[in-house]
2 protein chains.
Amino acid sequence: MIPTHTSDTARQQAHDPMECRALSDILVRIGDKWTILVVGTLGDGAMRFNEIKRSINGISQRMLTLTLRGLVRDGLATRKQYPTIPPKVEYTLTARGLSLLPPIVALTDWARQHLLEIKASRALFDLEAESNPTTEAP
Amino acid sequence: MIPTHTSDTARQQAHDPMECRALSDILVRIGDKWTILVVGTLGDGAMRFNEIKRSINGISQRMLTLTLRGLVRDGLATRKQYPTIPPKVEYTLTARGLSLLPPIVALTDWARQHLLEIKASRALFDLEAESNPTTEAP
DNA sequence: CGGAATCCTGCTAGATACTG
DNA sequence: CAGTATCTAGCAGGATTCCG
C-alpha cells in the first residue's frame with residue numbers, strides 16, 4: 001500500500017512507518033545489551049549454558065536465559081538438550097544467526113574506532129552542561 | 001592492559017571484558033529504539049525539532065529531546081539555535097554521525113531481509129510454547 | 001517553536017531460592 | 001548443570017504543564 005518510494009539510495013530507505021515498527025522491533029532486540037555479546041560469543045562455536053555465562057562476565061543467569069530464549073525464538077540460535085545426568089544443553093548459532101555477525105562486527109568496529117572520540121565528547125559536553133545549569137548558579 | 005590478543009579475525013575481537021564494557025555502553029545507545037530512527041532521519045539533512053518529531057511518528061517530545069541530546073553529547077549531531085521569534089533549532093549529523101550511517105544501514109538491511117523469516121520463527125516458537133506450558137494443561 | 005520540569009507508571013533486570 | 005519462580009528496586013518513558 002502506498003508504494004511511494006520503494007527503494008532509492010541508502011538515505012531514503014528506512015522511513016515507512018509500518019516497516020519502521022517491525023524493523024525497530026527487531027533492532028531493539030539486537031541492540032539490546034546482552035544479545036550482541038551473546039551472539040558474538042556464540043560466534044566461536046557451540047557452547048553450554050554456564051560456559052556462555054562464564055565468558056560474558058556480568059550477565060545474570062536470568063538475563064542469559066531470556067537472551068538465549070529470544071535468540072532461539074527468532075531462529076538465530078538452536079538449543080540442543082542432552083538428557084544426561086547432569087543435564088547438558090548446547091547453544092549454536094543457526095545460519096541466520098551467523099549471517100547477523102558481519103553487520104554486528106561492522107557496528108562494533110565502528111564503536112571501537114570512535115570509542116575515544118566519543119568519550120572525549122561526552123566529557124566535554126558534561127563539563128559544559130555543569131557550568132550552565134539553565135544559566136544560573138546558587 | 002592485559003594485551004592478550006589484540007586482534008585476530010572478526011570472531012575473536014569483541015571479548016575483552018574491559019573493552020566490552022565500553023563498547024556495549026556505546027552499542028546500547030545506538031541500539032536504543034529511537035536513536036537509530038533519529039539518525040536515519042537526520043541522514044536526509046538538517047531538520048528542525050518538530051520536523052523530526054513529525055517524521056518519526058510515535059516518539060514523545062521528551063524522548064526526542066533526550067535522544068537528540070544524547071546524539072549531541074556523543075558528538076554525532078550538532079544543535080544550532082537561531083534566536084528568532086519563534087525560536088528555531090536545527091539538528092545536523094556531524095561527520096562522525098554520518099560515518100555511523102553505513103553500519104546502521106547494514107544492520108537495518110539485514111533486519112529487512114530477515115523480517116519475514118523472523119516473524120515466522122517467532123510465531124512458530126510461541127505456538128509450540130503454548131502447547132507446552134511446562135508439560136501440563138488444566 | 002523548542003524545550004524544561006514534574007508526576008506517575010510499568011516493565012526491566014538483579015538477587016535469591018527452589019527443582020529436575 | 002540448567003533452568004524456573006518470586007520479590008523488589010530502579011529507571012525508562014508517557015502525559016501534562018509551564019517558560020523563553
Side-chain angles (χ1 to χ4, degrees), chain A residues 21 24-25 27-38 41-42 46-73 77-92 125 128-130 132-138, chain B residues 21 24-25 28-38 41-42 46-73 77-92 125 129-130 132-136:
Chain A
R21 284 285 167 209
S24 66
D25 185 39
L27 292 174
V28 164
R29 297 204 58 86
I30 293 172
D32 141 69
K33 189 175 181 179
W34 300 118
T35 301
I36 289 192
L37 296 176
V38 171
T41 302
L42 283 180
M47 285 182 126
R48 302 181 56 171
F49 186 88
N50 279 333
E51 211 173 346
I52 305 172
K53 185 169 188 305
R54 257 176 273 115
S55 72
I56 286 198
N57 177 0
I59 192 171
S60 65
Q61 130 275 39
R62 181 185 140 86
M63 277 304 98
L64 182 53
T65 299
L66 292 179
T67 302
L68 285 170
R69 187 181 306 160
L71 290 177
V72 171
R73 187 169 104 103
T78 54
R79 188 190 120 109
K80 194 160 195 177
Q81 179 167 2
Y82 302 86
T84 59
I85 296 203
K88 168 177 171 179
V89 180
E90 271 188 351
Y91 290 91
T92 321
F125 184 94
E128 290 174 348
E130 216 168 326
N132 287 30
T134 322
T135 334
E136 188 160 352
Chain B
R21 284 284 167 210
S24 66
D25 185 40
V28 164
R29 296 205 58 86
I30 293 172
D32 143 68
K33 189 175 182 180
W34 301 118
T35 301
I36 289 193
L37 296 176
V38 171
T41 302
L42 283 180
M47 283 183 126
R48 304 183 55 172
F49 186 88
N50 279 333
E51 211 173 345
I52 305 172
K53 185 168 187 304
R54 254 175 276 115
S55 73
I56 287 199
N57 177 358
I59 192 171
S60 66
Q61 140 270 36
R62 181 184 143 85
M63 277 305 98
L64 182 53
T65 299
L66 293 179
T67 303
L68 286 170
R69 189 183 305 162
L71 290 177
V72 171
R73 187 170 104 102
T78 55
R79 187 189 120 109
K80 193 159 195 177
Q81 179 168 3
Y82 301 86
T84 61
I85 296 206
K88 168 178 171 180
V89 181
E90 271 189 352
Y91 291 90
T92 322
F125 184 94
E130 215 168 327
N132 286 31
T134 323
T135 334
E136 187 160 353

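First the proteins, then the strands, lettered A, B, ... as listed; each starts at 1.
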Taking C:dA4, C:dA13, C:dG2 as options, the one with an atom nearest any side-chain atom of B:Thr65 is C:dA4

Please determine whether a side-chain nitrogen or oxygen atom of A:Tyr91 lies at a distance below 4.0 Å from atom OP1 or OP2 of D:dG3. yes

From C:dG2, D:dG3, C:dC1, nucleotide with atom closest to B:Pro86 side chain: C:dC1

Hey, is the main chain of B:Lys53 close enough, under 3.5 Å, to the side chain of B:Asn50 for a donor-acceptor pair? no

Across the strands shown, which category fits B:Tyr82 at heavy-atom distances under 4.0 angstrom: base, sugar-phosphate, nothing? nothing

As a test of reading the structure: which of D:dG14, C:dG2, C:dA13 is closest to the side chain of A:Met63, going by heavy atoms? C:dA13

What do you reckon, is NZ of B:Lys88 surrounded by more than 12 foreign heavy atoms closer than 6.0 Å? yes

Strictly distance-based, threshold 3.5 Å: is any side-chain N or O of B:Thr35 a donor or acceptor partner for the main-chain N or O of B:Arg29? yes

Contacts of A:Gln81 and A:Arg62 projected onto DNA chain D by closest heavy atom; the upstream (5') one is A:Gln81

Are OP1 or OP2 of D:dA2 and a side-chain N or O of A:Arg48 less than 4.0 angstrom apart? yes

Just compare C:dG14, D:dA2, C:dG2 and give me whichever is closest to any side-chain atom of A:Trp34. C:dG14

Taking any heavy-atom pair under 4.0 Å as a contact, classify B:Gln61: base, sugar-phosphate, or nothing. base

